[in-house]
Each structure stands twice: as C-alpha cells, then as structure tokens.
There are 2 protein chains.
Amino acid sequence: MRADAQRNYEMLVEHAKLAFAEHGVDASLDAIARRAGVASGTLYRHFPTRLDLVEATLSHQIADLIGLGHHLLLPTHDPFTALSTWLHATLHHALTYRGLSATLLNTTLDHTPETPSPWHKELLDTTTHLLNRARAANTITTEATDTEILKTVTAIAWATRNAPDQADRLLTLLLNGLRYGR
Amino acid sequence: MRADAQRNYEMLVEHAKLAFAEHGVDASLDAIARRAGVASGTLYRHFPTRLDLVEATLSHQIADLIGLGHHLLLPTHDPFTALSTWLHATLHHALTYRGLSATLLNTTLDHTPETPSPWHKELLDTTTHLLNRARAANTITTEATDTEILKTVTAIAWATRNAPDQADRLLTLLLNGLRYGR
DNA sequence: ACCTGAACACCGTTCAAGT
DNA sequence: ACCTGAACACCGTTCAAGT
C-alpha cells in the first residue's frame with residue numbers, strides 16, 4: 001500500500017472509532033471522512049461498506065473475543081459456566097457501540113444475502129459448540145435453537161443500550177430460563 | 001374540523017397503514033403524503049411527529065390491548081397466567097409493524113424528555129399491576145424490575161422482527177426464567 | 001494507484017404564499 | 001382555517017477529472 005493510502009486508512013479508522021463511540025455505528029460517514037482529512041470517495045475506496053469500517057475499528061476486540069471462545073471450549077471448563085461466560089462476553093461486545101447489536105443481528109442472524117464476515121461466522125460457531133456441550137451435559141433445555149439464543153443476547157444488548165448496567169441481569173434471567181434443575 | 005381536512009386526515013391514516021405495513025414505521029413520510037394526495041405540510045399539520053401518525057394507525061388495536069389488560073386484572077384470573085397472557089399480547093402488538101418495538105422502547109422505557117403518550121403509560125401501568133400480583137402470589141422472581149421485563153419483551157419483538165414465529169418461544173423462555181418452582 | 005469533490009438521489013422539516 | 005410546494009439541511013454513494 002502506498003504510504004499516503006496507509007496513512008489515510010489509519011486516520012479513517014481512528015476517527016471512525018471516535019465517531020462510533022460518540023454517535024453509534026450509524027454515525028455520518030461523511031463527517032468521519034471530513035475529520036480524518038480525506039474526501040468521501042477515499043473512505044469508500046478503503047471501506048466499501050459501513051460494516052467494513054465497523055469491523056476495522058473492532059479488529060483487536062474481535063480477536064480477543066474469539067480467543068476467549070477457543071479458551072472456553074477446552075474440556076477443563078464446566079459446560080454451563082463456559083456458556084454463561086461466553087454469552088456475557090458476547091453481550092458486552094455487542095454493547096461496544098450503540099447500534100452494534102443491530103449490526104450483529106442483521107449480518108449474523110437474519111437471512112442476509114451477503115456472505116457473513118469471518119468474524120460473525122466464528123461468533124455463531126463458538127456459540128453453537130458451547131451450546132452443544134451444555135446440552136450434552138444435560139444442563140440446558142432443548143427448547144430454543146442456537147440462533148434464537150444468540151438473537152436474544154443481541155436483543156438484550158439492544159434493549160439496554162442506554163442502560164448497560166441492566167444488561168447482565170437480563171442475560172442472567174435468560175440463562176435461568178435455559179437452565180435445567182435450577 | 002373542516003370537511004376537506006377531515007378527509008385528508010383519513011386518507012393520511014389509511015395510506016400510513018399501508019406504508020407502515022410494507023416498510024415499517026420508518027416509512028417515508030413524504031411518500032405517504034404524496035400517495036394520500038396531499039402535500040407534506042398537510043401531513044405535519046395533522047401529525048406533528050411520526051409517533052402521532054403511528055398511534056393514529058393503531059388506535060383501535062391499542063384500545064383492544066388496553067381492554068384486555070383491564071380484563072386480566074380481574075381477581076378471577078390466575079396471577080401467573082394473566083401475566084403470561086398479557087406479555088404475549090404486548091409482544092404481538094409490538095410486532096404489528098417492523099420498527100414498532102423500537103418506538104415502544106424509546107418512548108416508554110428509555111428516559112425520553114417528552115411526556116409519554118397515554119397509550120404507553122397505560123401499557124407500563126398494566127404491566128406493573130400484573131407483575132405485582134404475580135409477585136404477591138410468590139410465583140415470580142424479584143430479581144428483575146418492571147421496566148427491565150417490559151424492555152425484554154420489546155427486545156424479543158425487535159430480535160424476531162423478520163421471524164415472528166420465534167417470538168412466542170423466546171418469551172416463554174423469559175417466563176421460565178422469571179418463574180419460581182418450575 | 002490513489003485522491004478529490006461535484007453530482008445525483010432521497011429524506012425530514014419549515015414556512016411564505018395562496019385559497 | 002387549511003393547504004401547497006419551494007426551500008433548506010443533511011446524508012449516502014458514484015464517478016469523471018486530477019495528481
């Protein structure tokens with residue numbers, strides 16, 4: 001990549017982080033480009049879709065989350081606790097920016113024509129594995145599908161986007177509903 | 001009201017219903033006005049905010065829902081069953097138009113500066129009463145507040161907006177989590 | 001190879017002028 | 001008293017022209 005292009009890329013990610021943190025993932029792309037000191041066309045060249053830009057600002061955090069997921073899949077962990085830890089972490093991730101929960105729902109869990117990003121696929125896969133382990137250990141109901149459970153987690157993130165302190169309590173409620181023999 | 005104004009009002013409500021049903025509550029107001037055969041200013045004269053128009057299209061359904069609420073508060077009903085019936089009905093109401101769940105969350109459950117509409121106040125009040133009865137009968141946990149529970153119901157509506165057949169199952173999961181001595 | 005910025009499309013909202 | 005529709009502001013997205 002040419003040096004000026006590299007610099008533009010970094011400036012865009014940096015200002016996107018600020019804008020997303022302040023206004024949520026629906027922040028004006030035009031304003032991001034302006035504050036990063038580039039024209040709008042340059043933003044679109046580097047990030048064809050808004051999702052590309054969102055993912056770029058979250059790349060480290062996503063890597064961490066996926067790392068945690070792999071860790072929790074080790075057989076040393078109690079299946080239900082591992083599932084619980086994972087869903088809480090996913091919930092917090094979805095709360096990073098206002099509107100990120102909607103992005104997650106749309107791109108991972110609703111039938112989108114586009115291929116889901118590797119990030120989203122990994123999220124769903126990890127959840128599936130942890131749920132399967134919890135089901136195999138006979139600790140949770142089989143009443144709800146993987147997708148439905150992950151949907152509910154994003155829904156909780158969405159519902160508590162202006163009061164994130166309530167998020168964990170609502171997820172605990174969901175886990176109570178899932179759990180057998182409480 | 002002048003005869004032409006009356007007619008414009010009705011035409012606007014009628015076309016708003018169609019547009020909301022097709023595109024959700026975020027449908028273009030301009031397009032609604034155009035198809036109703038009036039200019040945009042006329043729409044704003046009758047319905048200063050989008051919420052006013054949304055409520056107008058739902059007035060009958062809202063009346064029905066509130067009627068059901070009053071009915072369920074009669075002491076003849078089992079407290080938990082009444083609560084369950086009410087939350088399922090509220091859930092279905094929130095699913096009427098795509099995006100209505102978001103409206104409900106914003107105007108009823110998040111700190112909005114504006115005074116909530118009588119409709120929303122009634123919704124929250126009825127839920128509070130039914131929850132209190134269920135708690136007094138010792139059938140549900142006291143771990144979650146009224147607002148949090150209603151939030152979760154709107155969240156489920158939001159999460160299943162493209163797959164409404166899953167909505168009731170997810171609400172059942174929530175009720176399982178709430179219920180004591182399942 | 002990359003960037004600029006005008007151009008187009010679309011929307012919400014207001015308000016002076018008209019009836 | 002009510003309606004019209006132009007005007008303004010804001011945004012996303014594309015693409016011809018420039019370097």
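No hydrogens, no waters, no symmetry mates; every other heavy atom, side chains included, goes into these values. By convention in this document, chain letters (A, B, ...) are assigned in the order of the sequence lines, proteins followed by strands, and residues within each chain are numbered from 1.
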If the condition is ring-ring contact (aromatic ring centres under 6.0 Å, His included), which residues does [X] pass it with, not counting sequence neighbours?
| X | result |
| --- | --- |
| A:W158 | B:W158 |
| B:H46 | B:Y9 |
| B:H93 | B:W119 |
| A:H88 | none |

With sequence neighbours excluded, residues passing side-chain contact (heavy atoms from CB on, under 4.5 Å) with [X]:
| X | answer |
| --- | --- |
| A:T57 | A:V13, A:A16, A:K17, A:F20, A:Y97 |
| B:D125 | B:K121 |
| B:E143 | B:T141 |

Interatomic distance where [atom1] belongs to [X] and [atom2] belongs to [N] [whole Å]:
| X | N | atom1 | atom2 | answer |
| --- | --- | --- | --- | --- |
| B:L12 | D:dT4 | CG | C1' | 14 Å |
| A:R34 | C:dC3 | CZ | P | 18 Å |
| B:H46 | D:dA1 | NE2 | C1' | 11 Å |
| B:D26 | D:dC11 | CG | C1' | 15 Å |
| A:M11 | C:dC3 | CE | P | 13 Å |
| A:L43 | C:dG5 | CG | P | 15 Å |
| A:L53 | D:dC11 | CG | P | 16 Å |

**First of B:D4 and A:A27 reached from the 5' end of DNA chain D, by closest nucleotide** =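 Whichever sits nearer the 5' end wins; that is B:D4.
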What pairs of nitrogen or oxygen atoms, one from the protein and one from nucleotides 13-17 of chain D, lie under 3.5 Å apart?
from, atom 1, to, atom 2, distance (Å)
D:dT13, OP2, A:Y44, OH, 2.8

**Asked** Side-chain N or O of A:N8 less than 4.0 angstrom from OP1 or OP2 on C:dC3?
**Response**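 It does, given that an N or O in the side chain of A:N8 lies less than 4.0 Å from OP1 or OP2 of C:dC3.
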**Asked** From the list D:dT4, C:dG5, C:dC2, which nucleotide is the closest neighbour of the side chain of A:A5?
**Response**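 Nearest nucleotide to the side chain: C:dC2.
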**Request:** Measure the spacing between CD1 of A:I149 and CG of A:L83 and express it to the nearest 0.5 Å.
**Result:**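 Taking CD1 in A:I149 and CG in A:L83, the distance rounds to 7.0 Å.
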**Prompt:** Among pairs that include at least one residue of residues 126-153 of chain A, which meet ring-ring contact (aromatic ring centres under 6.0 Å, His included), considering only residues two or more places apart or in two chains?
**Reply:**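 The answer is none; no pair qualifies.
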**Prompt:** Between the side chains of B:H92 and B:Q61, is a donor N or O closer than 3.5 angstrom to an acceptor N or O?
**Reply:**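 No, no side-chain donor-acceptor contact under 3.5 Å.
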**Request:** Using heavy atoms and a sub-4.0 Å distance, could you list which residues of residues 96-103 of chain A are near DNA chain C? By number, please.
**Result:**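 Residues of residues 96-103 of chain A under 4.0 Å from DNA chain C: none.
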**Item:** Watson-Crick and G-U pairing of DNA chain C, under 3.5 Å, as dot-bracket with | and [ ]
**Value:** ||.|||||...|||||.||
**Message:** Per the salt bridge (charged side-chain N to carboxylate O under 4.0 Å, His left out) rule, what does the pair list look like for residues 41-65 of chain A, sequence neighbours excluded?
**Reply:**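 Applying salt bridge (charged side-chain N to carboxylate O under 4.0 Å, His left out) to every pair that reaches into residues 41-65 of chain A, excluding sequence neighbours, yields nothing.
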